[in-house]
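Scroll down for the structure; my scribbles are underneath it.
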Number of protein chains: 2
Amino acid sequence: MPSFTEENYLKAIYHLSDAGTKPVLTNDLAEAMKTKAASATDMVKKLALKNFLAYKKYYGVNLTPKGNREALIVIRKHRLWETFLVQTLGFAWDEVHEVAEQLEHIQSKRLIEKIDEFLGYPKTDPHGDPIPDRKGKLQEQHAIACDQLKEGKQAVITAVKDSDSSLLKLLDKIGAKPGKKIKVLARETFDDSMEALLDGHKVFLSKEVSKNLLVKE
Amino acid sequence: MPSFTEENYLKAIYHLSDAGTKPVLTNDLAEAMKTKAASATDMVKKLALKNFLAYKKYYGVNLTPKGNREALIVIRKHRLWETFLVQTLGFAWDEVHEVAEQLEHIQSKRLIEKIDEFLGYPKTDPHGDPIPDRKGKLQEQHAIACDQLKEGKQAVITAVKDSDSSLLKLLDKIGAKPGKKIKVLARETFDDSMEALLDGHKVFLSKEVSKNLLVKE
DNA sequence: ACCATTTTTTAGATTAGTCTAAAAATATAT
DNA sequence: ATATATTTTTAGACTAATCTAAAAAATGGT
């Protein structure tokens, strides 16, 4: 069993590698973990020794199948707990991340299966992110970031990339959440912002916001 | 905020001191924490420095009001999570202790208040132990161990002292749980066992079992 | 191709919690 | 009351995860 800290590193590597598609650099990993490059190197060496990572000095790391599975199990727990907090306990979607960061490390297969069952086997969490199954298999998303959407195109919001609370509060304000329809009306080349139609209302989306909004045409 | 380990020490000291009524000896604490006396001494010194404990060398420790409050808050979380696991997720009462040992350390006031609300503000956990309120105040129990009960006396089971899974399974088998009526029929002086009437059935209780069964006349 | 910059790794130290072995204090037994 | 046994504390060492500072490797510009 990986330690609390090891689990957090594996999860960060999974996210930084875009679901395992590219190697993760030491500095990026250190930044994501809010630590120093030297510490990241140490941990990477340890995780490589335990066969969670393929590590080549100076060239970054990749998750092994074992590491990938482990990361996805932690992500499954995180997303199930977030769903529980919002659906069952009535938390707002911008309040759940920190608590789920703790709950995801509870070691009990039985507990997470019971929570899954209690929630009725949800497919996505409150942010629209897919929940891996108990084997660590992930449903493909086929979504694109909203800033890639062509003008005049209609699409459905499927997920929000970042779990930052200030972003989620902003999205709440304009009524953007998974399931809502969105249509790009106009774009500004100056700052890459856009005007869009969301639920019949005109809204302005900055580049930062539209990049974090995943949609499906 | 005390660390994970510090919280476990405080909880152990609370239980070993019989709710703060007597000092706790280093060896007993070490045994309860499954560690060595030297480690217990180190931790006790640290907790005393942080004003959770009153410590006099070679004479054991007592919880300060601050330490008592902290211990009761951990115990509150433990018992609320146990109640949640049994009532909401359908765990058996002998399965919840280990998981609750982990969940009790989640740091989120909001979360535990929401769980409390969701459960309808229960007064006791599945083992009959009282749940401290959010200030760390505990309802008095006024219960005696079943082995103190006089022959012929009728009483109601209020709680089970130990959370050991094999004890709880045994109690399940004979149908002993909080709320059930019990009457002492006869005692054996040889082994301090007893025969009792439980829900219309005759049952035999060893000294070990009857000591762990709390009743109210 | 070489020098400067950036990134990564190594070396050595630090903290929390633990350990073993030895010393010190307390308790017990005659 | 004094020796013996028990309990507790101290001293010094270990592991996991971190840090700073310095060394080593890779990258980029001309």
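Below, chains carry the letters A, B, ... as their sequence lines are ordered, and counting in each starts from 1. Fair warning: this is a prediction, and the values are worked out from it, not measured in the lab.
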Choose from [options] the nucleotide whose nearest atom is closest to any side-chain atom of [X].
{"X": "Ala38(B)", "options": "dT20(D), dT8(C), dT10(D)", "value": "dT10(D)"}
{"X": "Leu25(A)", "options": "dT18(D), dT8(C), dT8(D)", "value": "dT8(C)"}
{"X": "Ala37(A)", "options": "dT9(C), dC19(C), dT18(D)", "value": "dT9(C)"}

Under 4.0 Å between any heavy atoms, over every strand shown, what does [X] touch: base, sugar-phosphate, or nothing? Just pick one.
{"X": "Ser39(A)", "answer": "base"}
{"X": "Thr41(A)", "answer": "base"}
{"X": "Thr5(B)", "answer": "sugar-phosphate"}
{"X": "Phe4(A)", "answer": "nothing"}

Minimum heavy-atom distance Asp147(A)-Lys211(A), with the two atoms named: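 For Asp147(A) and Lys211(A), the tightest heavy-atom pair comes out as OD2-CG, 3.1 Å.
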
Is there a side-chain polar atom (N or O) of [X] under 4.0 Å from OP1 or OP2 of [N]?
{"X": "Tyr58(A)", "N": "dA23(D)", "value": "no"}
{"X": "Tyr9(B)", "N": "dA16(C)", "value": "no"}
{"X": "Thr35(A)", "N": "dC19(D)", "value": "yes"}
{"X": "Lys36(B)", "N": "dT20(C)", "value": "yes"}

Whole-Å gap separating [atom2] ([N]) and [atom1] ([X]):
{"X": "Tyr59(B)", "N": "dT6(D)", "atom1": "OH", "atom2": "P", "answer": "19 Å"}
{"X": "Met33(B)", "N": "dC19(C)", "atom1": "CE", "atom2": "P", "answer": "10 Å"}
{"X": "Lys57(B)", "N": "dT26(C)", "atom1": "NZ", "atom2": "P", "answer": "10 Å"}
{"X": "Tyr55(B)", "N": "dT8(D)", "atom1": "OH", "atom2": "P", "answer": "10 Å"}
{"X": "Asn27(B)", "N": "dT26(C)", "atom1": "CG", "atom2": "C1'", "answer": "13 Å"}
{"X": "Lys45(A)", "N": "dT9(C)", "atom1": "NZ", "atom2": "P", "answer": "8 Å"}
{"X": "Asp42(A)", "N": "dA16(D)", "atom1": "CG", "atom2": "P", "answer": "12 Å"}

So, does Lys177(B) use its side chain to make a donor-acceptor pair with the main chain of Gly128(B) at under 3.5 Å?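 A pair under 3.5 Å: no.
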
Can you tell whether the side chains of Asp133(B) and Lys137(B) come within less than 4.0 Å, N to carboxylate O? no

Given side-chain hydrogen bond (donor to acceptor under 3.5 Å, both in side chains), test Glu7(A) with Gln107(A) step by step and report yes or no. CA-CA 11 Å; Glu7(A) 286 190 346; Gln107(A) 299 293 353; 2.9 Å; yes

Identify whether NZ of Lys or CZ of Arg in Lys56(A) sits under 6.0 Å from the centre of the six-membered ring of Tyr59(A) and within 45° of that ring's axis. yes

